[in-house]
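Order of the sequence lines fixes the chain letters, A, B, ..., with proteins taken first and strands second; residue numbering starts at 1 for each chain.
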Amino acid sequence: MITFFLFVGLFLCFLMCFSLYRAVVGPTVLDRLVGTNAIGSKTVVLLLLIGCIYQRVEMFVDIALAYALLNFIAVLAASRYFHKRRGLYEESPFE
Amino acid sequence: MKRIGLIVVILCGAVLLYATRDFPAWGDPASPASTHVSPHYIEHALQETEVPNLVTAVLADYRSYDTMFETLVIFGAGVACFLLLRSFGARRREGWYVRHIPTGVVIHFRKRPRIPHSRFFERLDTEWVPHDLIIMTICRILLPFIQLFSLYVVAHGDFSPGGGFQGGVMFGASLVLMAISFDLRTALSRVGERILALLAFLGVVLYGGIGVLCMLLGGEFLDYSELAKILPVHAEEARALGMIGVEVGVGIAVTAVMAVIYVNIASAGRHDEGL
Amino acid sequence: MEQLLQEIVAKYNYWLYIILMMIGLYAIISKNNLIKKLVGMNIFQTAIILFFISISYKEQATIPIIRNAHGPGHVSPEAIQATAYMNPLPHVLMLTAIVVSVATFGVALAIAVKVYGEYETLEEDEIRTRIREKIK
Amino acid sequence: MIILNALVILFLGTGLVFFLGGAVGIIRMPDFYSRLHPVGKLDTLGIMAMVTGLALYNLGHFSWETLLVSLKMMLIVFFVFLSSPTATHSIVDAGIRAGLNPWSKSRKD
Amino acid sequence: MLEHIPVLLILAPLLAAFLVTGLAWIQSAYCLPLALAGLLGSLLASIAALHQVMAQGALSYEMASWPPPVGIELRIDLFNSLVLVVVSAVSLINLVASWEFIKREFEDRKETFLALYLLFVTGLLGVTATADLFNLYVLLEITSLSAYALIAMGPSSRAPLASLHYVYLGVIGASFYLLGVGYLYIMTGSLNMGDIASLLPAIWSSQTVLVGFVFCLVGVWIKMAFFPMHIWLPNAYTYASMTASRVLAPLMTKVMVYVMIRLMLTVFGAQYIFRVLDLGPVIVWLAVLAIVAGAVMALVQRNLVKMLCYIIVSEIGYMVGGAWMGNQAGMTGSILHLINDALMTFAVFLAAGNFAFKLGELRLENLRDLFARMPLSSAGFVLAGMSIVGIPPTCGFFSKWYLISGGLQAGQHAYVAALLLSSLINAILFMRVVEYAYFGEVRTGHGHHGGHAHGGEMDEAPVAMVACLLLVVASLVLVGLYSESIVSGMIQPFLVRSFV
Amino acid sequence: MDPVVSVRPLLAVLVSLAVVPVLLSSGGRPNVREAWTILAGLIKFGLIVSLVPGVLAGREFSLTLFSFAPGADIALRVDGLGLVFALVASFLWMVTSLYSIGYMRGLAEHSQTRFYCFFAVALSSTIGAAFAANLLTLYLFYEILSLSTYPLVTHHQDEEARKSGRKYLAYILGTSIGLVLPAMILSYNVAGTLEFSQAGIFGAGISPAMATVLLLVFLFGFAKAAIVPLHAWLPAAMVAPTPVSALLHAVAVVKVGAFSIVRVMTGIFGFDLLGSFHLGYPVAIIASVTIILGSLIALSQDELKRRLAFSTVSQLSYIVLGVALLTPYGAMGGILHIVMHALGKITLFFCAGAIMVATGKKYISEMAGIGKRMPLTMGAFFVGSLSIIGLPPCGGFISKWYLALGTLQKQSPLLLGVILTSSFLNAVYFLPIVYKAFFHGPSGGKGAFSVTKEPLMCVVPLLLTAAGSVVLFFWPQLFIDLIEIGLR
Amino acid sequence: MHWQIDLFILTLVIVCALAAINVRDLLGAAVLFGAYSFLMCLLWAIMGAVDVAFTEASVGAGVSTVFFVAAVFQTTRRSKD
């Protein structure tokens, strides 16, 4: 079962690459925000999975819970920025 | 600058790589780091302090002096942000904006308006401040949970990951969330600047006070086992209790300071509606 | 070659932390934007934290919270093996280091806000030209 | 036990599928509003399925403590259900405020 | 209470800092007395510690009563008790001297400033007293953090930028130090200085120890503004509020020099550094570079404070060079110069502060006829300058004596030459100021009897400022005249084990 | 020599320092200020005179103030040589104070309080240097003297004065920090002490090469002695008011330089060591070059004070030359020359100042016929010239006599020739001035002198010193005895 | 035991770090910085440093990024590199 969790975790990590792709490539800040949000949600699950792999999930659940509670604050703050500051210039990464 | 940076970086990297060759392998249980001092913590901490979370035990007892200064760093950061940014002078403003909440209409006054104090009107500083019912409602639901959970994290730090700092940051984050979902002025009207300062002060004084109390009771500074003289517990439990007390102090201070830093950065020290 | 590969695999954490740290250091030194430098600074600090956490890791060991410390069937203090738990000391140090880095980050941001208030820009070269203009 | 494990695997598998969908969506969707769909919905669902699976797995050695932990996990699901749509909502709001136009087939990016 | 002295001297300003923040909202009138009481307590405690150390050897304080490698230890020996006295005395005197400044520059926030100032002092005292490498880092960060803020609050519009640059380099420095500590930890598993010192000889040949040492050293160098890493210092100290630079300039860099010497002698041991590594010649050459570069850069400055800052850079070179000379005389000179330079720099900055209080910006052209306006402050400035140049009987001469002696013994003639050159350049620098301040054109021509009737009425800085300046200047001469007892009573007994 | 611990040397040093605050506080009242100055001078002279009988009886007064390192304390010790120098300096301070009153008031100079204060400090350090028991103390007072005379040199505060001040400090501080300090520390590292002793401090622990280098470094390092390549500050410093030039550049500053060299050669190296390494001769050659060059340059100067300055450059090296002969007579002559030259040269400077006050003339070419208007002054000038040239009945003759004896003892006709040549040159550049002053009328109508009265306060001191110069020709025995004790 | 995940996340961390310092928009940098801190948190958790992971989680998600955004809000988003 542990091995299974390990592979599930690896797969999640693999999926995280896609979200990270979006976060890195953009093109707008909001896209990055979406990507980051997706990474955050996967992180919650991964944390629990790691707990299961360590077989100490009771120690990890608090972290995951904290994550679930706090994850959206940054997103709210960033979107709040757009509420108050107009303009959204597009830019391509790595120049 | 770029080239200098690159040279420095490559030089540093090379030196570090050079040193890595002598390292014990990653995860080697027989490495000096794992065999010299740390076994004492692992094997004796539970016995000596009755705290199963070794990190908390080391943090708040064996190296409590460090942790006191860690709290102090945070405290100093709060004081520094206040000192740096806080401006008491009023900003020059072009007119007054007031929103009628039920309709969402923003009214622009040239001169200072005389508006009855009611919950239907809201003072604004800029043309538009989001007034999002969904976000406000959800946050209103979530806030107590976050705060409750952060208290749990502080209190349960002896048995599971967490402790004063983490709990404090979460509580601080809840205040930040309040400021983001409503606006800064609303949040500040709930938890004012004075209260935050008082909390920060209380937190560090709690930590330092416990330390000094131990000293007054005849032990060394921060030697919680001396608390057994005034608490009806034996020395090991006194250590655990002392740790909790200290963690609470850290939590209070961190909460306040996080809020102070956010408030000052988000409004550039003006304490208006902010971000 | 084989040996080198083995060495790399055995210490890859240490290698990668160096890369991360160099990224951070490069950003601090070479970036033109003041806040970018702060990002680099944070990366730099996390790299060091990574290094310390890597020290604390032990094969076949669990997180440094004693299992079954209390309650029924609790473990006797003598039975605790040092090899069974990870080294808690670096964790403690790094908790402090994180706190320090957050505090520094906050203060640095506050200073950056002040700098922006002074020059209306965060680019170092632009600030430098502003200063030169002001002197003239 | 086997049944439980099978259930867990099922849940985790479902979650992974959701996440996969989300990941593909986030890559493939043409614009920001449409990308929010996979993130907002599928990821939330994925979290729900996977956390539920893990909570079930945790209940394998049943005791009050494990039950408590599983309850906490379900609490995570609850909070994610609250917070994730809020976040999505606020992002969309931000996009609109920022003046980002939705993608349409007629206009090629 | 006597056994708690090591911790009391740190706690006194710490508690004062707490209480000042608390009181700031309630009754701000008590803040200054409270801060002064805290610093005075710390001064008294450090004097008591010095006394005890001289009577019965090093004091060790086991924090929370855990024995050293497990817990944190405070250790006060002859060397750092001396530094502690200097730190607490300088910070106390500076607060007395600068209160008028604080009132002027931070009207509504002076209590906050005070709290930060106290935190800064606490950090410095803690850095000096601790015997734990990581604890040193934490305290260093407190010091730096408050220093960042103190600098950024400067009245000049360039202060925040200077401070931000300091933040970047300061963080790199502290992180390098931390990294070095990590390298030591990975090889020894301990953080206590004494413990590491006992474990190290077995692994002297390890590259990791070497690199750890180098990183600790480079980190400390950045913090102390050793030559190529000095770029943050001049701007930061020049644009900072005078109160801050008056305490930063004498203490911050000197305490870092203390840390360097502590690392060299207590942690790694002279044996490792001078026999096993033999880095001495290289670093002495770096020091030569630092001395010359600092002096030359000082020469081109037109701002008095900036000029003084570059002199600090050059002085750092003296101390680093002396410490790396590899013989007892050089190390003695370095330690003595650490004390002396703290006092000298303090005196000279106090005087500069007095000038700034009346004149505002301290460009050299602004200093015309200063002597007539502020005779006492100017006299203090000249005496402090003499000390920096190294004119006997001020203390600067005596530490230079040891430094040169060490240089000659080690055959480092370049170092000696650089030191003399920089002394000469310092002489030129101060003479230039003196020329501006004392011997400007006689405006009214001949025909005046009596002394200083030219260039306007006498307009001296507030009494507290002048009194503090004169006190410190007097101490410059006294420390100089009694340097023999400092050397033979404290420094040499401390060094006797290191250089056999 | 039996050592006696006594505070009298310290008091002698401190008297003039102690009077500084009094001077400062009496800034507005010139009479009070100058009364104090003269009073301090009297006390100082009295204290120093009170030491004479003891020293003549073979006692050695000493006092250790602060210990710094073994053998390098800050300590005072009175021996014959120091006492000779101190006697001259303190006596001349009194006279100069008197003279300054006339001069400074006569010219209505500004910042007179500052002038008197730094004058007093300079005198303190001169006496300190004279009484220094070891090289460290000597160096200490040497440096204080350099710094305290800077304000005097820059007194006029115009561009020229500042430039001269810069030059002065550059030479003096530059050499003392750049050369003397390392040489001193090196000596200490080699010998382990810096205490002056007749046998020298090095013993066998020094190689000839190192000794040579050290000696040369000391020789040039004490740039106040104005050995040739480093003499340029002295003429430049003549922008100072004349009392300053008189006392400091004929007595205190330059003599401290020469005295330091004497101390180093007698007390640090010792004649035995110098003799065994044959180091006397090179030093003598260097001194000879300075003597001849100084005289030659003096010939070409038209400004009176500059001519006197170059004359000083030349005469100072007599002292060095005398000691470098390494013979008893030579050393006697050299040290005696400190006294004799001081009295002679100060007379000359006083005269130059008096002329300046009375007529405002600075250039020799303008002084034709002045002797008729200022007979006393020019008479004293004549006496002073005779003393410098070394003709009886003036003190200069005695010292030059001893010097010549020294060269004969050394059997060095070359050096004898140098002394004779230089004396001849002295005559050439001094006597025409006197001749013109008395026997030429003012050239043309515009040269008429506007002031006829010689200021009393200026004339009295210069007559005193001129008389002193003559007196010393007849009764030099006290100084000879003291020097003999000092060299024993 | 689970070095695979460790290595994977480390790689992602490095990518994220590179992106955060190269993106030409400070708000984007802030967001990526948040992602970086999530990944770091995971890394600590994998290496068994739960307390550190918790701290990173609360700091990174709760305050650090928000401070960053707030500072960007008060200054500017523009960055030339």
Contact part of [X] toward chain B, heavy-atom cut-off under 4.5 Å: side chain, backbone, both or neither?
| X | answer |
| --- | --- |
| Ser146(E) | neither |
| Val138(E) | both |
| Thr122(E) | side chain |
| Ile186(E) | both |
| Ile142(E) | both |
| Ile10(E) | side chain |
| Ile203(E) | neither |
| Asp132(E) | side chain |
| Tyr137(E) | neither |
| Phe215(E) | side chain |

Could you have a look at [options] and say which one has the most heavy-atom pairs with chain E under 4.5 angstrom?
| options | value |
| --- | --- |
| Val37(B), Leu202(B), Thr35(B) | Val37(B) |
| Thr20(B), Asp61(B), Val205(B) | Asp61(B) |
| Ser225(B), Ser38(B), Ala197(B) | Ala197(B) |
| Val204(B), Val15(B), Val58(B) | Val204(B) |
| Arg86(B), His44(B), Glu70(B) | Arg86(B) |

Heavy-atom closest pair, residues [X] and [Y]:
| X | Y | answer |
| --- | --- | --- |
| Leu83(B) | Met153(E) | O-SD, 3.3 Å |
| Cys12(B) | Phe176(E) | SG-CZ, 3.6 Å |
| Asp223(B) | Ser65(E) | OD2-OG, 2.7 Å |
| Glu220(B) | Ala64(E) | CB-N, 4.1 Å |
| Gly189(E) | His36(B) | O-CD2, 3.6 Å |
| Met68(B) | Leu14(E) | CE-CD2, 3.5 Å |

Q.
Phe75(B) vs Thr21(E), test: side chain to side chain contact (heavy atoms under 4.5 Å, CB included). Steps then yes/no.
A. CA-CA 10 Å; Phe75(B) 178 72; Thr21(E) 27; 3.3 Å; yes
Q. Under 4.5 Å between any side-chain heavy atoms of Met215(B) and Leu8(E), yes or no?
A. yes
Q) Any side-chain heavy atom of Phe69(B) sitting closer than 4.5 Å to one from Glu141(E)? A) no
Q: Starting from the C-alpha separation in whole Å, work towards a yes-or-no answer on side chain to side chain contact (heavy atoms under 4.5 Å, CB included) for Gln207(E) and Tyr18(B).
A: CA-CA 7 Å; Gln207(E) 298 145 5; Tyr18(B) 165 75; 3.3 Å; yes
Q. Which is it for Tyr183(E) and Leu16(B) under the side chain to side chain contact (heavy atoms under 4.5 Å, CB included) test, yes or no, and what are the steps along the way?
A. CA-CA 10 Å; Tyr183(E) 274 47; Leu16(B) 288 173; 3.0 Å; yes
Q) Roughly how far, to the nearest 0.5 Å, is OG1 of Thr67(B) from CD1 of Ile72(E)? A)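 That separation rounds to 7.5 Å.
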Q: Supply the atom-to-atom distance Asn135(E) CG to Tyr65(B) OH, rounded to the nearest 0.5 angstrom.
A: 5.5 Å
Mind ranking [options] by heavy-atom pairs under 4.5 Å with chain B and telling me who comes out on top?
| options | result |
| --- | --- |
| Phe106(E), Phe120(E), Tyr185(E) | Tyr185(E) |
| Leu150(E), Asp195(E), Leu15(E), Leu210(E) | Asp195(E) |
| Leu199(E), Leu116(E), Val209(E), Val7(E) | Leu116(E) |

Q: Would you check if the side chain of Arg63(B) reaches a backbone N or O of Phe134(E) as a donor-acceptor pair within less than 3.5 Å?
A: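 No.
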Contact origin within [X] toward chain E - heavy atom pairs under 4.5 Å:
| X | result |
| --- | --- |
| Tyr41(B) | side chain |
| Val212(B) | side chain |
| Leu198(B) | neither |

**Q.** Evaluation steps, side chain to side chain contact (heavy atoms under 4.5 Å, CB included), between Trp66(E) and Leu222(B)
**A.** CA-CA 10 Å; Trp66(E) 295 112; Leu222(B) 289 170; over 6 Å; no
